[in-house]
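Take a look at the structure set out below.
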Amino acid sequence: MLTLIGILLIIWLVLAVLGFVIKGMFWLAIIGIVLFLGTAAWAMLSRNKS
């Protein structure tokens with residue numbers, strides 16, 4: 001489970017960076033940041049429950 005969360009965090013981070021690098025794809029950066037923060041928060045909550 002921890003591996004899956006780590007992979008998702010890396011994917012979202014790559015999407016955010018690509019959104020900032022590629023001109024006109026700012027929306028991709030916003031989606032990447034939101035998904036990264038959501039996954040990180042979910043990981044922290046699920047880790048604290050166990």
Side-chain angles (χ1 to χ4, degrees):
M1 185 66 160
L2 191 57
T3 305
L4 176 65
I5 292 171
I7 291 170
L8 284 175
L9 288 173
I10 291 170
I11 291 171
W12 304 148
L13 191 61
V14 168
L15 285 176
V17 169
L18 282 176
F20 283 120
V21 170
I22 300 172
K23 191 173 186 175
M25 297 197 62
F26 185 70
W27 59 271
L28 186 61
I30 299 299
I31 291 172
I33 290 170
V34 168
L35 290 174
F36 180 85
L37 293 175
T39 304
W42 179 69
M44 292 301 283
L45 290 175
S46 65
R47 191 170 79 162
N48 288 339
K49 286 182 182 177
S50 30

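Starting from 1, each residue takes its place in the sequence as its number. Computation of the quantities below employed the complete heavy-atom set of this structure, encompassing side-chain atoms and omitting hydrogens, waters and symmetry-equivalent molecules.
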Inset, instruction - Answer yes if Ile30 and Val17 sit in the same cluster of Ile, Leu, Val, Met, Phe, Trp and Tyr residues linked by side chain heavy atoms under 4.5 Å apart, and no otherwise. - result: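 Ile30 and Val17: separate clusters.
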Legend entry - same_hphob_cluster(Ile11, Leu4) at 4.5 Å side-chain heavy-atom cutoff: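 Per the 4.5 Å side-chain linkage, Ile11 and Leu4 are co-clustered.
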Inset, instruction - Find the distance between CD1 (Ile31) and CZ (Phe26) and round it off to the nearest 0.5 Å. - result: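 Spacing of CD1 (Ile31) from CZ (Phe26) equals 11.0 Å.
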Inset, instruction - Any chance you could measure Leu15, atom CG, to Ile10, atom CD1, to the nearest 0.5 Å? - result: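 That separation rounds to 12.5 Å.
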Would you mind writing out the side-chain donor-acceptor pairs for residues 32-43 within the sub-3.5 Å range, not counting sequence neighbours?
| residue | atom | partner | partner atom | Å |
| --- | --- | --- | --- | --- |
| Thr39 | OG1 | Trp12 | NE1 | 2.8 |
| Thr39 | OG1 | Leu35 | O | 2.8 |

Legend entry - Closest contact, heavy atoms only, Ala29 versus Ala16: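 Distance-wise, the nearest heavy atoms are CB-O, 3.5 Å.
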Inset, instruction - Could you tell me whether the side chain of Leu13 reaches within less than 4.5 Å of the side chain of Leu9, counting heavy atoms only? - result: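 Not in contact.
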Legend entry - Residue pairs fulfilling side-chain hydrogen bond (donor to acceptor under 3.5 Å, both in side chains) with at least one residue in residues 13-22, sequence neighbours excluded: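 The answer is none; no pair qualifies.
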Legend entry - Co-members of the apolar cluster containing Met44 [side chain, <4.5 Å]: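 Under the 4.5 Å side-chain rule, Met44 groups with nothing.
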